[in-house]
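Below: the structure, in structure tokens.
Quick note on labels: first sequence line is chain A, next is B, and so on, each numbered from 1.
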Protein chains: 2
Amino acid sequence: MIEIDLLIKSAEELLTLSSSFKDESGLGIVRNGAVAIKEGKILGVGGTDQLLGDFVLGAQGQEVNATGKVVMPGLIDSHTHLIFAGSRESEFEQRIQGLSYLDVAERGGGILSTVEATRKASFDELFSLGKKRLDRMLSKGVTTIEAKSGYGLSLQDELKILNVMKALNEIHPIDIVSTFLGAHTIPKEFRDDRAKYMDLLTEEMMPRVARGKAAEFCDVFCEEKAFTLGESKKILETGKRYGLKPKIHADQLSHGGGAELAAEVGAFSADHLEYVSREGIRKLAEKRVIAVLLPGASFFLSMKKYPPAREMIQEGVCVSLATDLNPGSSMTESLPLIMTMGCTLFKMTPREVIQATTLHAAKSIDRESEIGSLEVGKQADILVLDIPNYRYLPYHFGVDHTEWVIKKGRVVYKNQ
Amino acid sequence: MIEIDLLIKSAEELLTLSSSFKDESGLGIVRNGAVAIKEGKILGVGGTDQLLGDFVLGAQGQEVNATGKVVMPGLIDSHTHLIFAGSRESEFEQRIQGLSYLDVAERGGGILSTVEATRKASFDELFSLGKKRLDRMLSKGVTTIEAKSGYGLSLQDELKILNVMKALNEIHPIDIVSTFLGAHTIPKEFRDDRAKYMDLLTEEMMPRVARGKAAEFCDVFCEEKAFTLGESKKILETGKRYGLKPKIHADQLSHGGGAELAAEVGAFSADHLEYVSREGIRKLAEKRVIAVLLPGASFFLSMKKYPPAREMIQEGVCVSLATDLNPGSSMTESLPLIMTMGCTLFKMTPREVIQATTLHAAKSIDRESEIGSLEVGKQADILVLDIPNYRYLPYHFGVDHTEWVIKKGRVVYKNQ
């Protein structure tokens with residue numbers, strides 16, 4: 001008998017997301033399932049009776065009875081813009097009244113207005129805003145997120161944002177995986193000299209970010225109104241030389257060859273993909289680039305065109321879903337709601353949206369070996385939901401089902 | 001100086017929804033606003049300085065400081081199917097995979113499967129399910145709802161549902177306005193003899209419901225697969241004779257003349273209206289029938305066709321929005337999320353979705369003289385939101401902004 005710290009037992013459905021547990025659902029479901037945890041790691045996964053024979057709770061151990069509930073890996077939000085100041089509800093209203101996202105940007109709204117507010121905000125203000133957002137995410141069952149800079153667009157302000165993320169990562173249960181998105185848009189002061197901003201990005205900001213280990217990934221908004229395909233390639237290649245792993249905002253508002261570029265540079269993910277080409281899909285599948293789809297932005301911007309999720313899945317692309325939390329095009333922290341939108345807008349099945357926010361999301365941030373499934377040796381990031389089965393999670397929408405959230409083996413959230 | 005029980009003061013924006021306070025927004029906004037409350041009623045509405053001169057808190061009085069927050073009438077959910085047993089997440093998955101709502105119904109799923117589960121459920125089970133749903137609604141700022149029977153479809157089971165609503169109304173802060181929807185669909189046992197079910201409805205159930213004051217309104221699902229225009233007219237006319245006020249599920253899946261019928265019988269509301277005709281819109285406006293639109297169902301069923309909300313508003317129809325909470329086509333208790341969908345799907349402005357869930361919703365349930373706006377003499381049903389301005393409410397979606405909920409002058413919910 002091995003002594004453990006935490007036992008989760010008697011789950012109606014334990015979604016392991018592990019291929020060791022083959023079943024019809026494709027989610028590796030164990031009924032009457034249990035998880036044994038010690039020092040933050042998973043020591044055992046299986047039936048409750050079996051685990052009760054193999055493990056025993058230590059004197060200080062804790063037991064979570066999950067009778068009638070669903071237990072699954074903590075949710076992973078694979079694309080967020082966590083740190084920003086200000087809000088853009090006026091633009092939201094203008095868009096409803098007929099202005100396009102690009103119209104709004106051209107009127108001096110859009111990303112640049114958030115850049116202005118974020119530059120003005122202090123470290124402490126941004127920290128406090130970020131913490132509130134992380135708390136909301138945790139209450140919805142999220143245990144790891146990717147977070148991008150990109151509302152600073154100067155060396156100093158980008159570092160301020162990345163340092164806020166680092167500080168939040170230290171004090172908050174949610175793990176934050178940082179991405180440098182200095183290539184979010186051309187800042188106002190470089191509007192007439194984009195070459196100079198490219199130099200600043202590739203010769204000053206990226207080396208400095210990499211040296212200080214301020215970010216793990218590098219991202220670029222590859223789009224007509226942001227960075228060209230050539231510029232995007234240079235940015236991602238430069239990032240790679242400095243050890244920053246590539247990601248790309250691709251084919252959101254028009255087909256720009258972003259997916260193809262993602263495959264070419266070996267990006268971990270290509271994100272958005274509303275206008276991805278057939279060839280782009282084929283290459284994403286071939287090079288195992290994760291497609292991170294963002295139905296919250298489709299919904300918030302009332303987009304007529306959705307990314308071809310079903311076609312991507314059929315072609316073997318591994319699809320993740322994320323909130324895209326940001327003040328301009330998806331103002332929400334609710335990943336469960338995004339899962340419902342994955343179903344109703346993108347026609348993904350409940351199984352697919354669960355994979356998309358656990359195992360596939362882990363792959364998109366290079367954390368597959370640590371999180372995203374319930375397997376022996378992985379980190380004990382676990383969610384207990386007050387729902388009768390996994391299909392119920394995207395079905396009953398707009399309300400929270402979170403009962404317990406466990407991060408690295410510790411209970412970090414419990415619903416009253 | 002008049003003594004009061006409760007003072008809400010210093011609101012950043014006090015949305016009165018009253019024509020006494022003219023302003024650009026159309027919501028009757030008072031800045032640095034206050035509300036004075038005594039014995040459950042509003043005694044004063046206006047600027048904080050003015051009210052502090054006119055009213056004084058009694059010894060047991062309570063003060064709510066709303067600095068930096070928005071204060072508005074409690075939300076009213078004008079169309080729900082609150083009481084049902086079971087859930088239909090398998091159908092949700094089937095629909096994503098391509099089956100239509102009517103396909104599912106023809107396979108023995110749909111409404112009739114919920115009827116079966118609800119008939120089997122005890123009073124206590126239904127009470128407990130209903131209470132959980134009301135608690136979720138309250139936490140989102142809802143203080144009054146309309147609730148329909150319609151999953152019983154026998155005298156005994158319809159009365160069971162209506163009695164559960166009555167019992168919940170007595171113990172829960174949320175007020176429930178009851179609607180008899182025996183004409184939801186033809187029950188299985190009458191499939192081959194719909195005339196007989198019509199007799200049961202009009203000769204037994206409706207008289208009995210009216211006599212026992214078990215419901216205030218009578219509703220009918222007027223649709224090819226449910227009740228014909230002629231049957232619907234007979235049901236609503238019979239209801240009126242027994243003192244049941246008419247409502248109608250109209251033009252949801254096809255144009256069936258439901259809006260025109262609503263105008264003809266003087267219905268309080270016509271609900272759904274995806275396929276309403278131009279003539280139907282004109283008549284709704286002329287007869288002041290409230291259009292209750294249900295974006296949750298459009299979203300949940302991935303409908304391509306939305307009700308023409310903008311056209312209705314332009315033609316002078318008074319539009320309300322509601323959750324349509326039900327297990328088949330809109331499984332949510334979140335009216336704030338429905339407001340966001342009103343904006344992004346139906347192109348209603350933030351102002352319009354706030355009117356739609358307060359004053360217009362009150363009109364649709366014949367409660368305009370009591371609730372729906374903050375005016376002297378009305379019931380003190382009030383919501384304090386942790387948001388900087390009214391546009392922010394539909395903008396930041398999928399998370400709760402509720403800080404305090406006050407029902408009949410009593411604090412019934414406070415966010416921790």
Would you name the heavy atoms of A:G398 and B:T332 that are closest together and state the gap between them?
CA-OG1, 3.9 Å
Please name the pair of heavy atoms, one in B:K132 and one in A:D386, separated by the smallest distance, quoted to 0.1 Å.
NZ-OD2, 3.7 Å
Rounded to the nearest 0.5 Å, how far apart are [atom1] of [X] and [atom2] of [Y]?
X: B:H396; Y: A:F300; atom1: NE2; atom2: CZ; answer: 9.0 Å
X: A:Q94; Y: B:T349; atom1: CD; atom2: OG1; answer: 13.0 Å
X: B:L301; Y: A:T344; atom1: CG; atom2: OG1; answer: 9.5 Å

Are [X] and [Y] side-chain neighbours, meaning at least one heavy-atom pair lies under 4.5 Å?
X: A:Y390; Y: B:E89; value: no
X: A:Y395; Y: B:E93; value: no
X: A:S334; Y: B:F397; value: no

Taking side chain as everything from C-beta outward and backbone as N, CA, C, O, which of these in B:N389 sits under 4.5 Å from a heavy atom of chain A? Side chain, backbone, both or neither.
side chain
Portion of B:Q97 that has a non-hydrogen atom of chain A nearer than 4.5 angstrom
side chain
Ranking A:M331, A:M341, A:K140 by heavy-atom pairs under 4.5 Å to chain B gives rank one to A:M331
Let's test your reading of the structure: which of A:P388, A:P327, A:S90, A:G98 forms the most heavy-atom pairs below 4.5 Å with chain B?
A:P327
Per-residue contact mode, A:P336 against chain B (heavy atom under 4.5 angstrom)
neither
Neighbours of chain B found in residues 80-87 of chain A - heavy atoms under 4.5 Å:
A:S87
B:K131 atom NZ, over 12 foreign heavy atoms within 6.0 Å
no
If you tally heavy-atom pairs under 4.5 Å between each of B:V399, B:L337, B:T323, B:I338 and chain A, the highest tally belongs to B:V399
